Protein chains: 2
Amino acid sequence: MAQDHQDTTHQGMGGIGAGKGSSDQAALLSNQLCFSIYSAAHLFNRTYKPLLDRLGLTYPQYLVMLVLWSGDGLTVKAIGEQLDLDSGTLTPLLKRLEAAGLVSRQRDPQNERLVRVTLTGAGRALRDHLGTVQEAILCATGLNLDGLKALKTQVDELRAGLAANLGPADRDD
Amino acid sequence: MAQDHQDTTHQGMGGIGAGKGSSDQAALLSNQLCFSIYSAAHLFNRTYKPLLDRLGLTYPQYLVMLVLWSGDGLTVKAIGEQLDLDSGTLTPLLKRLEAAGLVSRQRDPQNERLVRVTLTGAGRALRDHLGTVQEAILCATGLNLDGLKALKTQVDELRAGLAANLGPADRDD
DNA sequence: CGATAACGAATTGCGCACAATTCGTCAGTT
DNA sequence: AACTGACGAATTGTGCGCAATTCGTTATCG
């Protein structure tokens, strides 16, 4: 397979093995890249699971705790904006964190539409285990500082591209 | 407890930075990298959704169809090995594909433990839309061939690292 | 042989993720 | 003040993803 690059003309050619230019190869690669990301997310989740099980958290719950550790008393919407999650996901998740005694949820008296999420003492105390978890994850990646930086930079570029494509063209007919 | 902690530029105050120097930064980065991957996977899913809705597929269903398009008549286990999914995920998914008329599931007469999944005519016909989907995804990434290759290579290295760490040390107590 | 272990799917239960809808609250208009 | 629209959360319903268990089949060993 030839490795000719920088082709940006991919218009209206259907079919996979049609023997076209390099855009077919790029299209196939984008497919494979998506699966690699999908698979890596699952592998990360499995890596986190035994660590977070000891804290009684799932990975999405851990993400919410990270947000609250860096800024307590946020609304559901504010948490959702940082994590890109909506109330349909967060409301039941926060209820579980509340049932676990890690946060409290109460309506803002100034604006009854808002629900403010506040850490309890137990929620704040869990932060002591953060370092241990992060160290274990770092070790599991098998990457060094440079590798981590390079990969995160590229993934964030990809995220920006995908988000830009979703934003202006989020229409269906 | 008078710890307001409105400082977000440092992370090594509480119990995080109790140990070492530069590995703290790496540990934090690995945390952020995981979120970037997690978030990118969701963005990919949202990008695929309007495209696959027209085919009546979800993204995991699309992955299964990709596997079957490149090798029909596979067992549930064989599909699961390619996608890293187990029967708890695949069995209901395959039943939905069967209900949609895209595949058929039947026990292997030679070995009644195996369930072979075969494409129907409609399942084979769906393959005609593959090119269109791939082109749209390629465009949405905003990456060129070099960027795709570089990113996929690094994500696959990360996957290998995580998988190597899961395999030998998949113990819980 | 017959008991037993291993195997492959299916099932159960829990927790996301997300679209779509509902509900109470607040803001702007007349 | 009543009407209207926007807003933030909660709710409903579908589909993963995975651990744990169950069930029928096959292979192995004494």
Side-chain angles (χ1 to χ4, degrees), chain A residues 35 38-50 52-53 56-65 74-81 83-100 105-117 166 170-172, chain B residues 35 38-50 52-53 56-65 74-81 83-100 103 105-117 166 170-173:
Chain A
F35 174 71
Y38 163 90
S39 174
H42 289 169
L43 286 170
F44 257 131
N45 197 46
R46 284 177 220 165
T47 304
Y48 269 105
K49 186 167 191 315
L52 294 180
D53 273 349
L57 294 175
T58 64
Y59 180 67
Q61 289 169 7
Y62 170 72
L63 290 179
V64 169
M65 294 301 287
L74 297 177
T75 65
V76 174
K77 184 179 179 58
I79 297 171
E81 281 169 355
L83 299 179
D84 202 7
L85 296 173
D86 67 355
S87 71
T89 299
L90 287 176
T91 294
L93 187 154
L94 290 168
K95 284 184 176 178
R96 278 174 217 116
L97 288 182
E98 187 178 39
R105 301 159 56 246
Q106 43 195 7
R107 295 272 170 184
D108 187 324
Q110 257 63 49
N111 188 341
E112 290 277 347
R113 288 177 299 187
L114 309 179
V115 168
R116 300 216 168 264
V117 183
L166 275 179
D170 200 11
R171 325 263 316 143
D172 58 23
Chain B
F35 174 72
Y38 163 90
S39 174
H42 289 167
L43 286 169
F44 257 130
N45 197 46
R46 286 178 219 164
T47 304
Y48 269 105
K49 186 166 193 314
L52 295 180
D53 273 349
L57 293 175
T58 65
Y59 180 67
Q61 288 169 7
Y62 170 72
L63 289 179
V64 169
M65 294 301 287
L74 297 177
T75 64
V76 174
K77 183 178 180 59
I79 297 172
E81 280 168 355
L83 300 180
D84 202 7
L85 295 172
D86 66 355
S87 70
T89 299
L90 285 176
T91 295
L93 188 154
L94 289 168
K95 284 185 177 178
R96 279 175 216 116
L97 288 181
E98 187 178 40
V103 306
R105 302 159 54 245
Q106 45 196 5
R107 297 270 170 186
D108 187 324
Q110 256 63 48
N111 188 341
E112 291 276 349
R113 289 177 298 187
L114 310 179
V115 168
R116 301 216 168 263
V117 183
L166 274 179
D170 198 13
R171 330 241 335 126
D172 60 24
D173 49 329

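Letters go in sequence order (proteins before strands), and every chain restarts at 1. Here the structure is a predicted model, which is why all the values come from computation and not from measurement.
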Given 3.5 Å as the limit, does a donor-acceptor pair link the side chain of S39(B) with the main chain of F35(B), or not? no

Which is more 5' along DNA chain C, the nucleotide nearest D84(A) or the one nearest Q110(A)? Just name the residue. D84(A)

Any base atoms under 4.0 Å from L90(A), or only sugar-phosphate, or nothing? Heavy atoms, all strands. nothing

Among dC18(D), dA10(C), dC26(C), which is the nearest nucleotide to the side chain of V115(B)? dA10(C)

Please pick, from dT26(D), dA10(C), dC18(D), the nucleotide with the shortest atom-to-atom distance to any side-chain atom of R113(B). dT26(D)

Residue mapping more 5' on DNA chain D - nearest nucleotide basis, H42(A) or V76(A): V76(A)

Mark yes or no for whether N45(B), through its side chain, and Y48(B), through its backbone, hold a donor-acceptor pair below 3.5 Å. no

Under 4.0 angstrom, heavy atoms only, what part of the nucleic acid is L93(B) near: base, sugar-phosphate, or nothing? sugar-phosphate

Would you say dA10(C) has OP1 or OP2 under 4.0 Å from some side-chain N or O of T91(B)? yes

For T58(B), answer base if it contacts any base atom (sugar-phosphate contacts may also be present), sugar-phosphate if it contacts only those atoms, and nothing otherwise; contact means non-hydrogen atoms under 4.0 Å. sugar-phosphate

Under the 3.5 angstrom rule, does the side chain of R116(A) hit a backbone N or O of R105(A) as a donor-acceptor pair? no

Quick one: label R116(B) by what it contacts on the DNA or RNA (base, sugar-phosphate, nothing), any heavy atom closer than 4.0 Å. nothing

